[in-house]
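By convention in this document, chain letters (A, B, ...) are assigned in the order of the sequence lines, proteins followed by strands, and residues within each chain are numbered from 1. Note: hydrogens, waters and symmetry copies are ignored here, and every other heavy atom, side chains too, is used.
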Amino acid sequence: QQQVKQSPQSLIVQKGGISIINCAYENTAFDYFPWYQQFPGKGPALLIAIRPDVSEKKEGRFTISFNKSAKQFSLHIMDSQPGDSATYFCAAPGGGANNLFFGTGTRLTVIP
Amino acid sequence: EAGVTQFPSHSVIEKGQTVTLRCDPISGHDNLYWYRRVMGKEIKFLLHFVKESKQDESGMPNNRFLAERTGGTYSTLKVQPAELEDSGVYFCASSQVGDRNTEAFFGQGTRLTVV
């Protein structure tokens, strides 16, 4: 079963708008929530990550909001730019190993 | 510094054939992971090496998949015989030894198409 559920599958946003991608998880043992960004022909790259002891983390135009009680976290991209067009994956760490459970990905397109 | 590199970038093979994917991790990274993404689905963990040892291979689909990491450097993932459902993008990632939240760096992936 999917450990991390991600939505929407695709998203089209006007330049300058806000992009919002949501993820939900079940396993309350998860203690680290990274977001990965993947451009076509490239591998996923770590964008920003949060631990559940904080409700928000901001790095430049990218913000993670975390709701521990709802077991949800989301990525907000402020002032979205065409260069942000990529596939975004949320993730959570696997059981005892150093692997990651990924969401299904969101293909973001920012229109000029 | 070179990142994680994977070969080939694309491979098209017929059902029943054998394919070997290669991953060269970042130098000095003892952790090496293989993942797979089937079209439109999540990126799924396959297995994890620490140096040359398999730490966790719980994600390997079946015994048609064989991963090796001789000498603890590069790794290969062999699929034999390939089936249609093996099509997807195979990613390799590597990381330094650390806690389980240590950042993993991904290669560009190998797109495997089985026809």
*With chain A as the partner chain, list the residues of residues 106-115 of chain B whose heavy atoms fall under 4.5 Å from it, by residue number, and write 'none' if nothing qualifies.*
F106(B), G107(B), Q108(B)
_Minimum heavy-atom separation for S95(B) and Y33(B), please, with both atom names._
OG-OH, 3.3 Å
*Pairs of heavy atoms under 4.5 Å with chain B: top-ranked of A91(A), A49(A), G105(A), G43(A)*: G43(A)
*Determine whether more than 12 heavy atoms belonging to other residues, nucleotides or ligands lie under 6.0 Å from atom CD of Q9(A).*
no
*For N31(B) and S94(B), indicate whether the former's side chain and the latter's backbone hold a donor-acceptor pair under 3.5 Å.*
no
*Between the side chain of K44(B) and the main-chain N/O of V38(B), is any donor-acceptor distance below 3.5 Å?*
no
_Of all pairs that satisfy salt bridge (charged side-chain N to carboxylate O under 4.0 Å, His left out), the ones with a partner from residues 65-92 of chain A, not counting sequence neighbours_ = E26(A)-K71(A), R61(A)-D84(A)
*asked:* If the contact rule is any heavy atom under 4.5 Å from chain A, which residues of residues 15-25 of chain B qualify, in numerical order?
replied: none
*For Y90(B), which of Q6(B), R36(B), R37(B) qualifies under side-chain hydrogen bond (donor to acceptor under 3.5 Å, both in side chains)?*
R36(B)
*Can you find a pair of side-chain heavy atoms, one from T106(A) and one from P8(A), that are under 4.5 Å apart?*
yes
*Can a donor-acceptor pair be found between the side chains of S69(A) and N67(A) at a distance below 3.5 Å?*
yes
*Going by the angle between their ring planes, with limits at 30° and 60°, are F73(A) and F33(A) parallel, tilted or perpendicular?*
tilted
*Which bit of Y36(A) is near chain B, if near means a heavy-atom gap under 4.5 Å: side chain, backbone, both or neither?*
side chain
*asked:* Does anything in residues 11-20 of chain A form a side-chain hydrogen bond (donor to acceptor under 3.5 Å, both in side chains)? List the pairs, not counting sequence neighbours.
replied: S19(A)-S80(A)
*Answer with side chain, backbone, both or neither: which region of F91(B) has an atom nearer than 4.5 Å to a non-hydrogen atom of chain A?*
side chain
*Whether over 12 other heavy atoms sit under 6.0 Å from Y74(B) OH*: no
